[in-house]
Amino acid sequence: EKALDVALKIIEEINPDTVICVGDNLDFPEMGKYLTYPAYAQTTQASIDRATVFCAQMRAAAPSAEIVWLAGNHEERMPKYILVNASAAYGLRKGNTPESWPVLSVPYLCRMDDFNVIYKPGYPASDYWVNEKLRIIHGDRVKSSGSTAHIYLNNEKTSVIYGHIHRIETAFKTREDFDGPRTIMAASPGCLARIDGAIPSTKGGVDLDGRPLTRHENWQQGLGIVRYEDDGQHRFSYDVIPIYNGWGMYQGKEYQAD
C-alpha cells in the first residue's frame with residue numbers, strides 16, 4: 001500500500017500523458033498451477049476489489065491521461081483456468097453485447113471501461129510503443145543469477161521497458177551499424193508489490209498453519225518515468241524512482257506515503 005501511495009502521488013504531481021502498468025497487478029494464486037496455501041485461499045475477490053480501486057485511483061490522479069494495463073502471465077491465469085476447468089464459460093458475455101469484455105475477464109471484473117483504462121490481453125504478445133524507439137512489454141525472460149536486461153539487449157532491435165522480474169534493472173548496449181553507432185536500452189522499473197514474503201514467490205515459505213514467513217526476495221519497489229519525442233529522432237530519457245518503505249524522490253522532491 002505504501003508503494004502504491006507513493007506511485008499515485010508522483011503520477012498526480014507530474015500529470016503524465018500516459019500511465020502504463022506492466023502487468024502482474026493481480027496474482028490469482030488460486031487459479032495458478034502451484035499449491036495454494038491457506039493464506040492465499042479465497043483472495044480472488046479481494047484482489048479484484050483492490051485492483052478496481054487502483055484503476056479508480058489512477059484515473060483520479062491522472063484525469064486526462066491514457067491509462068494502459070498490459071496483461072502479465074499472472075493475469076493470464078484466469079482465462080487459462082477457465083479453459084481447463086469450465087471451457088463452456090470461456091468468452092461468455094452479457095446478452096447482445098458482442099463488443100464487450102467477457103464476463104469472466106480481468107477488464108470486466110475490474111470495471112476498466114468505467115475508468116477508461118485500456119486493457120491489453122494476450123501475454124506475452126501484447127505491448128505498447130511509446131515512440132518508434134521505445135517499446136513497453138510485460139516480458140517473459142528471467143535470469144535469476146544475473147541481469148535480465150542483457151537478455152533483452154541481445155534479442156531486441158529497439159529499446160524496451162519490461163516487467164515480470166519485480167527487480168530494478170537498467171542496461172545499455174551500443175552496436176555499430178552502417179549509419180554509425182546505435183544504442184538501445186533495456187530496463188525494468190521494479191514493482192509495487194509486497195517484497196517481504198507476503199505474496200507467493202520462489203524463496204517464500206509458510207509455517208505449519210500456512211502463514212507466510214518474512215523472507216525478502218531480490219525484488220525492489222519502484223516506477224519509471226519516460227520523457228520522449230513523438231516525432232523527429234524519437235529520442236527519450238528514462239528515470240527510475242526506487243521506493244524504500246513508502247519513500248521516493250524525483251527531481252529533488254520527496255514523496256512519502258500517508
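Residue numbers start at 1 and run along the sequence shown.
Hydrophobic clustering, with ILVMFWY side chains joined whenever heavy atoms are under 4.5 angstrom apart, keeps Met249 apart from Leu223. Both Ile48 and Tyr108 are part of a single hydrophobic cluster, where members link through side-chain heavy atoms under 4.5 Å apart. One hydrophobic cluster, built from ILVMFWY side chains closer than 4.5 Å, cannot hold both Ile161 and Val142; they sit in different ones. Val117 and Val68 fall into different hydrophobic clusters, where Ile, Leu, Val, Met, Phe, Trp and Tyr residues are linked whenever their side-chain heavy atoms come under 4.5 Å apart, directly or through other members. Cluster annotation: Leu192 and Ile14 are assigned to the same hydrophobic cluster (Ile/Leu/Val/Met/Phe/Trp/Tyr, side-chain heavy-atom contacts under 4.5 Å, transitive).
The closest side-chain heavy-atom distance from Leu109 to Met78 is below 4.5 Å. By the 4.5 Å heavy-atom criterion applied to side chains, Asp113 and Pro107 are not counted as neighbours. Side-chain contact between Asn155 and Arg141 is present, with heavy atoms from C-beta onward closer than 4.5 Å. The side-chain heavy atoms of Ile67 and Asn116, taken from C-beta on, include no pair separated by under 4.5 Å. Asn73 places none of its side-chain heavy atoms less than 4.5 Å from the side chain of Asp140. At a threshold of 4.5 Å between non-hydrogen side-chain atoms, the residues Val206 and Arg211 do not count as touching. Within the 4.5 Å cutoff, the side chain of Trp247 has no heavy atoms near those of the Val6 side chain. Side chains of Pro102 and Tyr90 form no contact here, defined as non-hydrogen atoms less than 4.5 Å apart.
With Ser159 contributing its side chain and Leu134 its backbone, the two residues share no donor-acceptor pair below 3.5 Å. For Gln221 (side chain) and Pro242 (main-chain N/O), no donor-acceptor pair under 3.5 Å exists by modelled atom type. A donor-acceptor pair under 3.5 Å links the side-chain atoms of Asp24 to the main chain of His74, judged by distance alone. For Tyr255 (side chain) and Ile243 (main-chain N/O), no donor-acceptor pair under 3.5 Å exists by modelled atom type. Counting only distance, with no hydrogens or angles, the side chain of Lys133 and the backbone of Ile184 share no donor-acceptor pair below 3.5 Å. Of the possible polar contacts, one joining the Arg93 side chain to the Gly91 backbone as a donor-acceptor pair under 3.5 Å is found. At least one donor-acceptor pair under 3.5 Å links the side chain of Gln220 to the backbone N or O of Ile168. A donor-acceptor pair under 3.5 Å is formed between the side chain of Ser188 and the backbone N or O of Arg167. The closest donor-acceptor contact from the side chain of Arg59 to the backbone of Ala62 lies under 3.5 Å. For Glu217 (side chain) and Gly197 (main-chain N/O), no donor-acceptor pair under 3.5 Å exists by modelled atom type.
Few gaps surround CZ on Phe236; more than 12 heavy atoms of other groups in view lie less than 6.0 Å from it. More than 12 heavy atoms of other residues, nucleotides or ligands lie within 6.0 Å of CG in Asp207, so this atom counts as buried by the packing criterion. The environment of Tyr81 atom OH is sparse: at most 12 non-hydrogen atoms of other residues, nucleotides or ligands sit within 6.0 angstrom. For Lys80, the NZ atom counts as loosely surrounded, since its 6.0 Å shell holds 12 or fewer non-hydrogen atoms of other residues, nucleotides or ligands.
To the nearest 0.5 Å, atom OG of residue Ser126 and atom CD1 of residue Ile136 are 11.5 Å apart. For the atom pair CD (Glu176) and OG1 (Thr174), the distance works out to 10.0 Å, reported to the nearest 0.5 Å. If you take CZ on Arg194 and CD1 on Ile199, they are separated by 8.5 Å, rounding to the nearest 0.5 Å. One distance of note links CZ of Phe115 with CD of Gln57; it measures 10.0 Å at 0.5 Å rounding. Between atom SG of residue Cys21 and atom NZ of residue Lys120 there is a gap of 13.5 Å, rounded to the nearest 0.5 Å. To the nearest 0.5 Å, the span separating CG on Asp177 from CZ on Arg175 amounts to 10.0 Å.
The two residues Cys110 and Leu26 have their closest heavy-atom pair at SG-CD1, 4.1 Å. The two residues Gln256 and Asn245 make their nearest non-hydrogen contact at NE2-O, 4.2 Å. Contact between Ala186 and Ala149 at its shortest, heavy atoms only, is CB-O, 3.5 Å. The two atoms that bring Ala65 and Val19 nearest to each other are CB-CG2, 4.4 Å, heavy atoms only. The shortest non-hydrogen separation linking Thr36 to Ala41 is CG2-N, 3.9 Å. Between Glu76 and Ala71, the shortest heavy-atom contact is OE2-CB, 3.7 Å.
Arg77 has a carboxylate O that lies under 4.0 Å from a charged side-chain N of Asp27, or vice versa, which qualifies the two as a salt bridge. With salt bridges taken as basic N to acidic carboxylate O contacts below 4.0 Å, one links Asp258 and Lys9. Ion pairing of Glu1 with Arg50 is present here, as a side-chain N (NZ or NE/NH1/NH2) and a carboxylate O approach within less than 4.0 Å.
Side-chain contact annotation: Asn218 with Lys203, donor-acceptor N/O pair under 3.5 Å absent. At a cut-off of 3.5 Å, with distance as the only test, a side-chain donor of Glu169 or Tyr162 sits close to an acceptor on the other residue. Counting only N and O atoms by type, the side chains of Glu66 and Tyr128 include a donor and acceptor under 3.5 Å apart.
Partner Glu75 forms a side-chain hydrogen bond (donor to acceptor under 3.5 Å, both in side chains) with one of Tyr123, Tyr119, Trp69 and no other, that one being Trp69.
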Determine, stepwise, if the pair Met112 / Val106 fulfils side-chain contact (heavy atoms from CB on, under 4.5 Å). CA-CA 8 Å; Met112 291 189 185; Val106 169; 3.7 Å; yes
